[in-house]
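One structure below.
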Amino acid sequence: MPPLISPAAIEVFTHVITRGPVPRVEIARATGLSFAAVTKAIAPLIEAGYVREHGSARVKAGTAGRPVNPLSVVDDAGLLAGIKINPGELIGVITGLTAEVRREARADLTADDPATVIDAIRTMITELTAGLDHDRLLGLGVAVSGDVDGRAGVVRESVRLGWRDLPLAARLREVAGIPVVVENDVRALTLAEHWFGVGLDTTSFAIITIGTGIGCGLHLNGDVVEGAFGVAGEIGHLPLGDPDLTCSCGRRACLETVASSAAILTSIRNDADHPELTWTEALRRAHQGDPAAVAAFARAGSAIGRAMATVVNLVGPEVIQVVGEGVADFDLYEDRMRAAFHDHVFGAAERCRIGTRSHSFTDWARGAAVALLRSVVRNGTRTK
Ligand SMILES: [Zn+2]
């Protein structure tokens, strides 16, 4: 990656990555930079092969000699690896500079201890990059659930993986020999939405993830909210759940005690007195109108709706995008979720639009790749 050096160059490159093909004049208008500043910023990127100019007619009549051809990023000029770590499983992707997934992989983990996981990541990177030009690999982004210090690359606590104070980025850099960025999984997804999803049309949005965990990523005033201590948007642990139930985090009454997929399954199992009942069977029962299964999803939907109203009342985003594996069965949550949201949202904040986006198992890994991409672009060079 060429060093971008100036904030203007970073801004221009970001604009081309996320909105290309786009002519210089439009970049100037959107960024507030002068046409000359845009041209100056983009020249070394064209020369280094990261940005291409479309068409052959360089000058259009009436534009005072200014080139009007749109610019776009050369997608495979840089390749990014992204991996999501789940308990017992790794999901990986290779993307180009515009975050299009080019390759994907999934692997079972024999154990979740750091040494086993790091070794499995190294193997997955080798497999994912086989036959590719390694000089173009800009590094690896890793997404982990829990309390993650993205700047230091340290997993401070991941309850699901049983990790505490793990310097994961440093350990991976040692074995993989490439730059590594580690990020909280929901924040990584939010970074991807900012550059390549809902963030293209709004200046403030929240991502709410439903499924194994309930999370929230916030994008406000031009940037993703990180929190003074690296924690923000942990709506899964708002006290909106059942006060009699203990959350996986050890606290009582968290939203996840009623709204995570595990909590929904436990509720349906208990009611059916069937401890082995599978998630697939739980979904089947709910879709067929089994009262206990329907009630479990309704309870989850209500709680998530209250959490959404809480987010909107606090920070007032323009849009909430619901994502995550739970979206596949959104019909089971949706009515109660929207009803609870409208019951609790305050005043004009009710105008906040709620949308959903279909979920693919590679989305989390792609988010990790985008976290790396942003780090590479913003630091102006490789993140070592
Ligand atoms: Zn909790």
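As the structure lists them, so they are numbered: ligands from 1, and atoms in each ligand from 1.
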Ignoring water, what protein N, O or S atoms are under 2.8 Å from the Zn ion (ligand 1)? H237 ND1, C247 SG, C249 SG, C254 SG
Over 60° means perpendicular and under 30° means parallel, so tell me whether F13 and Y50 are parallel, tilted or perpendicular. perpendicular
The complete set of salt bridge (charged side-chain N to carboxylate O under 4.0 Å, His left out) pairs with one or both residues in residues 245-257, sequence neighbours excluded, reads R160-E256
Around atom CD of E47, are there more than 12 heavy atoms from other residues, nucleotides or ligands closer than 6.0 Å? no
Pairs involving residues 347-364, ordered by first then second residue, that meet salt bridge (charged side-chain N to carboxylate O under 4.0 Å, His left out) (sequence neighbours left out): E193-R357, E318-R353, R357-D363
What residues form a ring pair (Phe, Tyr, Trp, His ring centres under 6.0 Å) with F341, not counting sequence neighbours? none
Look at the rings of F297 and Y333 and say which category their plane angle falls in: under 30° parallel, 30 to 60° tilted, over 60° perpendicular. perpendicular
